[in-house]
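The first residue in the sequence is number 1, and the count goes up from there. Predicted model only: the values in this text are computed from it and were never measured.
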Amino acid sequence: IYLLGKGVYSTKAGLLAVFIYAVNYLLIVHEAQARYYAPFILFNLAVLFFYNRLVLSRGKGNFFWLSAALILLFYTHIISWLIALAFMAVHWLFILKRPVDRRWVSCGLAVLLAAIPWLVLVKFWTVFGAGADYSVKILWLMLLAVSASIYYIVRIFSQVFFNYQIRVVWQNYSIVELFVVFYFFIMPLIMPEESIKMRAFLPVLALLNLLLAQYLIKSVKLIKLPTILTIIFIVYIFVQLYLNYNQTSYIYQPSWISQAAVYLKASKINPDLPIYAKSQQYSFGFYLPNPVQAVDVLRKEFLDAYAGEF
């Protein structure tokens, strides 16, 4: 995030963003979990970083590293990968208005070839959207339509009655700002509702640290960077005091793991007793003292023949 901030804005913005990121409690508690949240954030940042370098300089190395970052993002979160591809296409073709040359074609083919084995073996198309509830997506589309209508009505009204033209010049905004806006609009349309609630916001949350740093530097030009860092550090100390003195444990636990821990303790379950979980076995194993194994389906024969308790 420092390199992205330095490349898009300035060294000061990158340094301040790193500090804010390092004390961002919401990011810390997600990245500490035994799930894919940390690489999910990392590869989104990497794609945006190498794409920004490609916008500034169309060298072969930038195409190569962008392809590598896209492949890694694909194997981490396929829907976020789709959003990143859509953003780059819209930004390159319609905002920068640049042509697509053979290097872009080579980049696309490399990513596609790397994705084919996973798509064929997993058969993602057979389960994508199965049993999904589209009510949220329809509501979001209606909200976007209403917002666009209000914008054009206000635009026409201001031009007719006040002779003032409202116009959004997308070229005046940075890649980080444009990606956050694009992600915010597109994400609810293609992500499952459960992902929207639990994890879809993580890449944007990381980028908001960078935007906050840039806006702070721009808005307080008379205040030096050490003063800003001192203020943020003092606020961070008070936040940590509040969090620590309002919790019985210094270890963050998601609610579903906390419920499991409370149940085991209340039931006086032996910590040596094995636990069989349908999913999240690594998260359970990280926080709970019991040995945890993953079992997709518990067959009756297995239950009947099991020697001992579990």
Side-chain angles (χ1 to χ4, degrees), residues 21-44 72-73 75-80 118 122 124 126-133 135-136 187-188 190-206 208-209 236 238-310:
Y21 189 104
V23 297
N24 190 317
Y25 187 76
L26 193 57
L27 285 172
I28 291 170
V29 298
H30 278 86
E31 293 184 351
Q33 294 185 47
R35 299 205 67 190
Y36 62 88
Y37 297 149
F40 178 38
I41 298 171
L42 173 63
F43 297 142
N44 268 284
L72 290 171
L73 180 59
Y75 277 94
T76 304
H77 199 282
I78 185 173
I79 299 180
S80 183
W118 188 90
V122 178
F124 186 72
T126 63
V127 296
F128 184 75
D133 182 10
S135 58
V136 174
M187 178 261 295
I190 61 176
M191 279 197 180
E193 187 176 348
E194 188 266 344
S195 292
I196 296 174
K197 295 177 181 177
M198 298 300 296
R199 66 191 68 88
F201 60 88
L202 289 174
V204 171
L205 182 62
L208 287 176
N209 291 276
Y236 167 71
F238 281 103
V239 170
Q240 287 298 304
L241 287 172
Y242 171 79
L243 291 172
N244 290 333
Y245 281 100
N246 281 271
Q247 293 180 350
T248 56
S249 172
Y250 287 90
I251 301 176
Y252 167 80
Q253 294 175 338
S255 58
W256 43 278
I257 294 181
S258 298
Q259 293 168 4
V262 170
Y263 168 78
L264 294 173
K265 185 176 181 180
S267 303
K268 298 181 180 179
I269 301 296
N270 190 327
D272 295 328
L273 208 63
I275 295 175
Y276 292 100
K278 182 178 180 182
S279 63
Q280 316 303 340
Q281 71 274 14
Y282 296 112
S283 299
F284 276 118
F286 183 79
Y287 288 108
L288 302 180
N290 303 69
V292 182
Q293 296 293 333
V295 178
D296 188 21
V297 178
L298 284 175
R299 297 180 180 272
K300 186 176 185 301
E301 307 87 73
F302 175 82
L303 299 176
D304 294 338
Y306 190 86
E309 294 181 308
F310 66 93

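Listed here is the closest heavy atom pair of Ala260 and Leu288: CB-CD1, 4.4 Å. Between Asn44 and Pro203, the shortest heavy-atom distance links the atoms ND2-CG, 3.5 Å. The minimum heavy-atom distance between Leu273 and Glu309, with the atom names listed, is CD1-O, 3.5 Å. Shown here for Phe40 and Leu73, the closest heavy-atom pair between the two residues is O-CD1, 4.4 Å. Here the closest non-hydrogen pair linking Pro291 and Pro271 is CD-O, 3.5 Å.
To the nearest 0.5 Å, atoms OH (Tyr21) and CG (Leu208) are separated by 12.0 Å. Here the straight-line distance linking atom NE2 of His77 with atom OH of Tyr37 works out to 9.0 Å at 0.5 Å rounding. Remark: Asn290 CG to Ile269 CD1 distance equals 8.0 Å, nearest 0.5 Å. The distance from the CD1 atom of Ile190 to the CD1 atom of Ile78 is 10.0 Å, given to the nearest 0.5 Å.
Taking the side chain as every heavy atom from C-beta outward, Asn209 and Leu27 approach each other to under 4.5 Å.
Aromatic ring pairs are classed by plane angle as parallel below 30°, tilted from 30° to 60° and perpendicular above 60°; the pair Trp118 and Tyr75 is perpendicular.
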task = Check step by step if side chain to side chain contact (heavy atoms under 4.5 Å, CB included) holds for Ile275 and Leu264.
result = CA-CA 10 Å; Ile275 295 175; Leu264 294 173; 3.9 Å; yes

